[in-house]
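Since the structure comes first, as structure tokens, the remarks are kept for the end.
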Amino acid sequence: MLDAALSLDAPLRPQLAPHHGFLFATGIENSAPTIEGGRIRRDQLRECGHYDRWQEDLALVKELGCDALRYGPQLHTTLRGPGLHDWSFADAGFAELKRLGIRPIVDLCHFGVPDWIGDFQNPDFPQLFADYAGAFARRFPWVQLYTPVNEMFITAVFSARYGWWNEQKTDDRSYVTAIKNIVRANVLAMREILKHRPDAIFIQSESTEAFHAECPRAVPHADFRNAERFLTLDLNYGRRVDSAMYEFLMDGGMTREEYHFFQREAPALKRHCVMGNDWYQTNEHLLNADGHGRWAGEVFGYDTVTRDYHARYGLPVMHTETNLDEGPRGDEAEHWLWKQWSGILRLRREGIPVLGFTWYSLTDQIDWTHALRIQRGDVNPRGLYDLDRKPRRVGLAYRRLIESWRDVLPTQSLCLQVPLAA
């Protein structure tokens, strides 16, 4: 429960303290896919008011006491053509972050590409994006933390399997094409950034999933989906995919040379990576005999599924996204926050190096109940602040969590710390 002294009307005072090796973060929601055949751009920076209130938003991050902010310029407005950039908004925002002492985890592609590129079926996208990432690193050499492509798995699934965004495809060949282009773009971008910032750290914000069989006939479907959920990270880290997934990729049009590219180029980049994973109530799925699924709620939970991912890749972990809507009681999101935090503490006690936590996002969002595929303007009350920039109950709870645990974690854990430059 909240302290009695912390009311919803109480002002939040700056609490940013020196970094002690664990990142407490939030994010500015900057999803920007297109829908309806590319006619509508769902730019969440615009829809949630950030373009007009960016200085206020960044000040709120500091008031919370966060060490880091998942944040980035919009790819579709910044990359105007091959080698052509409009840095005006990024210049202002990143200068303010630097002044405030907030470390950005730079999000360079969040679900959408510029209209002139088209979509994730474009084979030119990986190199165009890598060149853009290198240009960003040259312009902002003080930035160390990056998420080049956000949620590669969800980007591919929603764009080229479910048919909701961007190319709006639903066939296996388009899906495999999206996967190989998205992950190749991420790998090439990491390589380009390292040319300009050799100590860069890449935090892969990737959706963590689990699939459960409702009945015996659903077991093969669950087995397939539980292998498929690793595809983007397997390729990104140069891990050999499971045999069924290799056949799926080859049948979907990936060539052996394209597959070998990931095996050859990705392993050297892995030592620069933190396996960021995202967790929501909708990340576990119950499959029926036909392979169709529905949300299962929390069956295993964050810490159990994270153990699977950590065992597979052996990398440090950061909890890079979570949220829950504030419900009729008013405390639903706050309870979810403490549940996620308890899972992190449990993992750290077991020696799994969880290096950070993120409530995403700073403010409420728009139309995520419909996964942005329908434009209704419905407000999702899941931010640390509402869209009037008034603190929600979970925002006050998160500030208290940061204040309470910031100096305690380094003395109670044998875990690694984030190797951040001064």
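Below, all heavy atoms of this structure are taken into account, side chains as well, without hydrogens, waters or symmetry copies. As the structure is a prediction and not an experimental result, all values here were calculated from the model.
Checking Asp364 against Asn380 by side-chain atom types alone, no donor-acceptor pair falls below 3.5 Å. Counted by atom type alone, Tyr280 and Glu321 present one or more donor-acceptor pairs between their side chains at under 3.5 Å.
Here Asp242 pairs with Arg312 in a salt bridge; the nearest charged N to carboxylate O distance falls below 4.0 Å.
Every residue two or more places apart in sequence or in another chain that forms a side-chain hydrogen bond (donor to acceptor under 3.5 Å, both in side chains) with Asp171 is listed here: Ser174. For Tyr360, there are no ring-ring contact (aromatic ring centres under 6.0 Å, His included) partners at least two apart in sequence or on another chain. Scanning for ring-ring contact (aromatic ring centres under 6.0 Å, His included) contacts around Phe211 gives His285, with sequence neighbours left out.
Phe136 and His85 have their aromatic ring centers separated by at least 6.0 angstrom.
Taking CG of Leu69 as the start and OG1 of Thr358 as the end, the distance is 9.5 Å to the nearest 0.5 Å.
The backbone N or O of Asn150 sits nowhere less than 3.5 Å from a side-chain atom of Thr147 that would complete a donor-acceptor pair. With Asn283 contributing its side chain and Asp278 its backbone, the two residues share a donor-acceptor pair below 3.5 Å. Looking only at distances, a side-chain donor or acceptor of Thr77 sits under 3.5 Å from a matching main-chain atom of Gln74. Side-chain N or O atoms of Asp378 include none that pairs as donor or acceptor with a backbone N or O of Ile366 at under 3.5 Å. Listed for the Glu29 side chain is no donor-acceptor partner under 3.5 Å among the backbone atoms of Leu362.
Each of Arg373, Arg376, Arg42 was scored for a salt bridge (Lys or Arg N to Asp or Glu O under 4.0 Å) with Asp367, with one residue passing: Arg42.
A cation-pi arrangement is present between Arg184 and Phe261 under the rule of less than 6.0 angstrom and at most 45 degrees off the ring axis. Geometrically, Arg229 does not engage Phe153 in a cation-pi contact, judged by NZ or CZ lying under 6.0 Å from the ring centre and within 45° of the ring axis.
Trp165 has its side chain out of reach of Thr34: every pair of non-hydrogen atoms, C-beta onward, lies at least 4.5 Å apart.
The aromatic rings of His319 and Tyr302 sit parallel to each other, their planes meeting at less than 30°, with 60° as the upper class boundary. Between Phe202 and Tyr146, the ring planes are tilted. Angles from 30° to 60° get that label.
Between Tyr246 and Val241, the shortest heavy-atom distance links the atoms N-CG2, 3.6 Å.
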